[in-house]
Peer 1: 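Quick one: this structure, given as structure tokens, is what I'll be asking you about.
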Amino acid sequence: MSNTFRSLANPNYRLWFSGAIPSNIGTWLQRTAQDWIVISELSDKNASAVGLVVFLQFAPQILLLPITGLTVDRVDRRKLLFITQFLMSMLALILGFLVLSNNVALWQVCACAFGLGCVAAFDAPARHAFVADVVSESELTNAVSLNSLSFNTARLVGPAIAGLLLAWVGAGWVFLINAVSFIPLLTALHLLKTRMPAREVDNSVENKKSTANFLDGFRYIADHPAMRIQIIMTFLVCSLGMNFAVYLSSMTVHVFEGHAAQYGMLISIMAIGSIMGAMVTANRSKPTMLFLTLAASGFAISSMAAALSPNFISFAVALVALGLCLQMFMTSSNTLIQLSTDRRYRGRVMAVVLATAMGSTALGGPVVGAVSDLLGARWGVGIGGVLGFAAAALGFWFMRKQGREERKIKI
């Protein structure tokens with residue numbers, strides 16, 4: 001256990017980690033409430049409407065890519081995170097008041113989701129790169145895994161609480177609670193002002209060319225074959241597999257004929273597997289391509305098992321395995337790329353990585369929604385497994401190719 005939580009010995013990371021926990025819980029409160037009111041109140045139980053909201057929330061990761069990575073590498077990340085967290089709290093506040101006014105419409109939820117996506121386009125790469133500013137290289141793998149553990153522990157607790165709050169006080173108050181949950185992280189970022197070491201920023205003439213900066217992340221990835229394969233694998237897995245808000249809400253309403261509490265329970269059950277996956281990666285010294293490929297294979301198999309599950313219990317068991325494999329894949333991919341990237345380019349590279357993950361999720365949201373509406377919710381789950389098998393096949397092919405090249409060099 002001491003090895004699993006070794007990064008918490010770093011006082012700065014401990015402060016960041018403790019502030020992020022309530023913020024992460026609040027985020028999952030809002031996500032659960034947002035998706036539920038869309039499918040149950042603002043549309044005719046339409047999974048495509050949820051897919052549209054998912055698209056608007058994650059599409060800015062692609063649209064703003066030319067400036068997000070550059071911004072993360074060129075500005076003080078602590079200050080940037082303070083701004084993004086504050087704006088997120090304001091958007092939650094606005095959505096809460098809209099719902100409490102009893103005049104909320106689908107287009108307003110879509111507008112808030114798009115605004116949140118624009119802010120998150122800067123926040124996500126800044127968060128990932130900021131961890132490397134707080135901890136040493138030897139602590140990075142563990143710190144990234146603990147971040148995932150914190151996020152998925154929140155995913156376990158948040159939706160379950162959201163399901164109860166939706167029944168007791170309504171979605172409006174859930175959004176307001178999320179707005180308040182940002183206060184601990186904002187406080188932690190303020191306290192880190194005097195505790196963080198100065199970060200070196202590359203202000204060379206070459207680095208001031210905005211076009212060059214935008215393309216640097218792509219060039220860096222293009223020069224590293226393993227990164228290229230990991231990016232493609234991430235696209236395949238995330239495009240349909242990460243849209244659990246769409247297919248779980250559709251399964252709840254159409255297959256199990258459940259309510260908000262059951263929807264929150266399904267997300268929490270999936271988070272149990274995600275926490276297990278984060279614990280597994282936290283105990284590893286460094287991820288490998290083989291581990292990444294095996295995780296993709298496990299994701300594909302568990303997705304198919306979930307799609308074919310005959311009842312709620314077997315579906316829940318399959319969700320645990322799905323969450324486990326998906327988390328191991330995502331954490332290992334992000335960590336492996338960060339460890340392989342020069343610090344000067346880490347923000348730009350991570351912007352490309354996260355734009356791939358979130359952007360593919362945005363593109364896949366309407367697809368999963370349409371498939372769920374036209375063919376059934378089970379098909380919405382199963383199509384993710386098909387692309388999971390494709391990602392695993394690509395990983396095995398690359399490792400085999402690498403093995404042949406290494407043997408030629410030895411000969």
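Source: prediction; values computed, not measured.
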Peer 1: Below 4.0 angstrom, N of the basic side chain to O of the carboxylate: do R31 and D35 qualify?
Peer 2: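 Salt bridge between R31 and D35, a charged N being under 4.0 Å from a carboxylate O: no.
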Peer 1: Tell me if the centroids of the rings in Y220 and H224 come within less than 6.0 Å of each other.
Peer 2: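 Ring centroids of Y220 and H224 are less than 6.0 Å from each other.
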Peer 1: If we count only N and O atoms by modelled type, under 3.5 Å, do the side chains of S7 and N10 hold a donor and an acceptor together?
Peer 2: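 No, because no side-chain N or O of S7 sits under 3.5 Å from a partner of the opposite role on N10.
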Peer 1: Could you measure the distance from the OG atom of S89 to the CD1 atom of I183? Nearest 0.5 Å is fine.
Peer 2: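 Spacing of OG (S89) from CD1 (I183) equals 8.0 Å.
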Peer 1: As an exercise, state the distance from CG of L248 to CD of Q262, rounded to the nearest 0.5 Å.
Peer 2: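 Here the interatomic distance stands at 10.5 Å.
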Peer 1: Is S43 reaching over with its side chain to a backbone N or O of A49, donor-acceptor style, under 3.5 angstrom?
Peer 2: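 Checked: no pair found.
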Peer 1: Going from CG on L146 to OG1 on T331, what distance comes out if it is rounded to the nearest 0.5 angstrom?
Peer 2: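 If we round to the nearest 0.5 Å, L146:CG and T331:OG1 are 10.5 Å apart.
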Peer 1: To the nearest 0.5 Å, what is the distance between CG (L87) and CZ (F182)?
Peer 2: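 One finds 10.0 Å between CG of L87 and CZ of F182.
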Peer 1: Going by the side-chain contact (heavy atoms from CB on, under 4.5 Å) test, name the single residue among L80, N147, L81, V72 that passes it with F130.
Peer 2: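 That would be L81.
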Peer 1: Determine whether the side chains of N178 and S181 contain a donor N or O and an acceptor N or O closer than 3.5 Å.
Peer 2: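 Their side chains do contain a donor-acceptor pair, which is all the 3.5 Å distance test asks for.
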Peer 1: Can the ring centres of F256 and F312 be said to be less than 6.0 Å apart?
Peer 2: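 Centroid distance F256-F312: below 6.0 Å, so yes.
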Peer 1: Mark yes or no for whether R378, through its side chain, and S309, through its backbone, hold a donor-acceptor pair below 3.5 Å.
Peer 2: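 Confirmed, R378 side chain pairs with S309 backbone.
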Peer 1: To the nearest 0.5 Å, tell me how far F291 CZ sits from F329 CZ.
Peer 2: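 So the CZ of F291 and the CZ of F329 are separated by 11.5 Å.
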Peer 1: Checking D123 side chain against V119 main chain: does a donor-acceptor pair fall under 3.5 Å?
Peer 2: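 It does not hold such a pair.
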Peer 1: A390: which residues meet the side chain to side chain contact (heavy atoms under 4.5 Å, CB included) condition with it, sequence neighbours left out?
Peer 2: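 With neighbours one apart ignored, the set is L236.
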Peer 1: List the steps, then state whether side chain to side chain contact (heavy atoms under 4.5 Å, CB included) holds for L95 with Q30.
Peer 2: CA-CA 10 Å; L95 191 55; Q30 173 153 330; 4.1 Å; yes
Peer 1: Does the separation of the ring centres of F175 and F97 fall below 6.0 angstrom?
Peer 2: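 Centroid separation for F175 and F97: 6.0 Å or greater.
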Peer 1: Check step by step if side chain to side chain contact (heavy atoms under 4.5 Å, CB included) holds for L176 and L100.
Peer 2: CA-CA 10 Å; L176 294 183; L100 289 175; 3.5 Å; yes
Peer 1: Using 0.5 Å steps for rounding, measure from the CD1 atom of I37 to the OG1 atom of T32.
Peer 2: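 That separation rounds to 11.5 Å.
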Peer 1: Under the side chain to side chain contact (heavy atoms under 4.5 Å, CB included) criterion, do W28 and I267 qualify, and how do the steps go?
Peer 2: CA-CA 10 Å; W28 280 107; I267 299 179; 4.2 Å; yes
Peer 1: Output, in order, the C-alpha distance, side-chain angles, deciding distance and verdict of side chain to side chain contact (heavy atoms under 4.5 Å, CB included) for M233 and T293.
Peer 2: CA-CA 9 Å; M233 291 174 68; T293 304; 4.1 Å; yes
Peer 1: Against D133, only a single residue in R127, R77, R78 fulfils salt bridge (Lys or Arg N to Asp or Glu O under 4.0 Å); can you say which?
Peer 2: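 In the set R127, R77, R78, the residue that makes a salt bridge (Lys or Arg N to Asp or Glu O under 4.0 Å) with D133 is R77.
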Peer 1: Side chain of S40, backbone of W36: donor and acceptor closer than 3.5 Å?
Peer 2: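 Between the backbone of W36 and the side chain of S40 there is a qualifying donor-acceptor contact (under 3.5 Å).
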